[in-house]
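Some notes on the structure that comes next.
Counting starts at 1 for both ligands and their atoms, following the listed order. Only a predicted model underlies this, so the values are computations on that prediction, with no experimental measurement involved.
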Amino acid sequence: QAFFKPISNAAPPSPTKRHNKISVIGAGNVGMAIAQTILTQDLTDELVIVDNKPDKLRGEMLDLQHAAAFLPRVKINSSVEYSVTAGSDLCIVTAGARQNPGESRLNLLQRNLDLFKTIIPPLARYSPETVLVIVSNPVDVLTYIAWKLSGFPSNRIIGSGTNLDSSRFRFLIADHLQVNAQDVQACIVGEHGDSSVALWSSISVGGVPILSFLENQQIAYEKETLENIHKTVINSAYEVISLKGYTSWAIGYSVASLARSIIRDQRKIHPVSVLAKGFYGIGDVEVFLSLPAQLGRGGVLGVTNVHMNEEEEQRLRDSAKTIMEVQTQLGI
Ligand code: 6V0
């Protein structure tokens, strides 16, 4: 006798209900933090993890599957083969080579370029309609490489970029002003790294531009204090890595927020790495760097025209130059 007695004459499931599938490539600290945040936020019906270490991968998959009693019903699968990713709506790439002691940044990048040659083409082949989100570092150059290797239109290639830097920035401003970080509108653009650009001129707290807010609160406007907040943002990752060995929770939430905007077509604006050609006076150069971009089901829907003063625009162009120089050195 069947345990479950079906309802007779039940209507078939609605054909309009979309089934979502997200694949995460790389089951390291970052990949697993992203996977678990996606699961707890109920963002997908099917989650796939790919890594080239089969035992570690199976261990991570089982560990997540064993949480089934506490999570929404999600199919969780993993494999070292890319066929498992077929038909994904979103593919998130976190696989990356680790920097060897004394290894130059350029050498590491060359190794990651070789790695991406084995990852991106099969992902694109098995999911020709997917949106690709790149997390592996250096994220801006690797996003450009993923664009070239995938052959996808640029609106379907996104680097996680300064979405995380901007969250750190909002946290530090909120902490400084003793307000809620969700009330702080603040954005870091440009390179995810040392040449990132803090857009001070467009920051607001609860709708009030920050500079007049500081005046109203009679907090002395000190450019140096603001610059120090930006420096702290730039050093954040180094600090966390030196203390715990890697970063994971914040990047997990950061990428899950991108996944939500894309999969649920939220049309939210995120500072993420997009093809910057033609925006903000960057000109004709083919670089990916972070700009405030609106994300939805189709990937990047547009780039917001935020106000930047001359100094900020110049810094953004310098950031583009820094990334371009790396690409030239790599010969790509
Ligand atoms: P990790 O813990 O070493 O994980 C990397 C994973 O990639 C490992 O599980 C490897 O087995 C796997 N891997 C290596 N080669 C392959 C391959 N060919 N195919 C499939 N899998 C492979 O590193 P961690 O998870 O800490 O970091 C991953 C990447 O994210 C690094 O490049 C970081 O620099 C980058 N981050 C980017 C951030 C951002 O804001 N963009 C933030 C944090 C980390």
Side-chain angles (χ1 to χ4, degrees), residues 23-37 48-61 63 78-85 91-100 103 105 107-123 132-146 149 157-169 188-194 196 233-259 270-274 288-290 323:
S23 295
V24 177
I25 317 305
N29 301 304
V30 170
M32 293 317 296
I34 293 169
Q36 92 97 20
T37 314
V48 162
I49 312 165
V50 175
D51 199 284
N52 64 349
K53 289 193 197 124
D55 289 348
K56 153 118 173 119
L57 181 61
R58 185 166 163 74
E60 292 288 10
M61 178 193 73
D63 206 3
S78 73
S79 176
V80 293
E81 304 289 343
Y82 283 87
S83 52
V84 75
T85 64
C91 293
I92 301 167
V93 182
T94 76
R98 284 212 164 173
Q99 195 157 9
N100 293 325
E103 185 181 25
R105 202 171 158 235
N107 206 58
L108 174 71
L109 183 51
Q110 183 61 54
R111 288 201 292 134
N112 274 336
L113 168 61
D114 296 340
L115 201 102
F116 266 43
K117 284 182 183 161
T118 69
I119 294 175
I120 304 297
L123 276 183
L132 272 176
V133 169
I134 308 300
V135 183
S136 317
N137 269 325
V139 66
D140 299 296
V141 178
L142 287 177
T143 306
Y144 168 84
I145 287 168
L149 290 171
I157 313 281
I158 299 160
S160 69
T162 56
N163 196 47
L164 172 58
D165 312 48
S166 298
S167 170
R168 288 172 173 149
F169 193 40
I188 289 189
V189 295
E191 185 204 18
H192 169 65
D194 299 348
S196 68
V233 172
I234 292 173
N235 287 328
S236 292
Y238 299 112
E239 189 184 3
V240 177
I241 290 168
S242 78
L243 293 167
K244 66 172 247 189
Y246 53 88
T247 65
S248 57
W249 304 126
I251 184 69
Y253 279 100
S254 161
V255 176
S257 79
L258 305 182
H270 297 266
V272 283
S273 199
V274 296
F288 278 69
L289 50 72
S290 288
I323 299 168

Polar contact flag for [X] and ligand 1 (N/O pairs, less than 3.5 Å):
| X | result |
| --- | --- |
| Asp51 | yes |
| Tyr246 | no |
| Asn29 | yes |

Starting from [atom], locate the nearest protein heavy atom and write down its residue, its atom name and how far away it is, to 0.1 Å.
| atom | value |
| --- | --- |
| atom 34 (O) of ligand 1 | Asn137 ND2, 3.0 Å |
| atom 4 (O) of ligand 1 | Gly28 CA, 3.2 Å |
| atom 28 (C) of ligand 1 | Thr94 O, 3.0 Å |
| atom 5 (C) of ligand 1 | Gly96 O, 3.9 Å |
| atom 7 (O) of ligand 1 | Ala95 CA, 3.4 Å |
| atom 43 (C) of ligand 1 | Thr247 OG1, 3.2 Å |
| atom 25 (O) of ligand 1 | Val30 N, 2.8 Å |
| atom 1 (P) of ligand 1 | Arg98 NH2, 3.6 Å |

Can you find a heavy atom in the side chain of Ser136 that is under 4.5 Å from one in the side chain of Phe116? yes

Among Asn52, Asn163, Leu164, the residue with a heavy atom nearest to atom 17 (C) of ligand 1 is Asn52

To atom 41 (N) of ligand 1, the nearest of Ile34, Val135, Val93 on a heavy-atom basis is Val135

In short, Val233 meets Phe169 closest at the heavy-atom pair CG2-CA, 3.6 Å

For Leu57 and Val80 the tightest heavy-atom approach is CD2-N, 3.9 Å

How far does [atom1] of [X] sit from [atom2] of [Y], to the nearest 0.5 angstrom?
| X | Y | atom1 | atom2 | result |
| --- | --- | --- | --- | --- |
| Ser79 | Met61 | OG | CE | 9.5 Å |
| Ile120 | Leu115 | CD1 | CG | 9.0 Å |
| Leu123 | Leu132 | CG | CG | 6.0 Å |
| Ile134 | Leu142 | CD1 | CG | 7.5 Å |

Please determine, by modelled atom types, if Thr85 and Ser23 share a side-chain donor-acceptor pair under 3.5 angstrom. no

So, His192 and Asp140: side-chain donor and acceptor under 3.5 Å apart, yes or no?
-> no

At under 4.0 Å between heavy atoms, what of Ser160 touches ligand 1? The answer is side chain

Going by the 4.0 angstrom heavy-atom rule, the piece of Leu115 near ligand 1 is side chain

Give a yes or no on this: more than 12 heavy atoms of other residues, nucleotides or ligands lie within 6.0 Å of atom CZ of Arg111.
yes

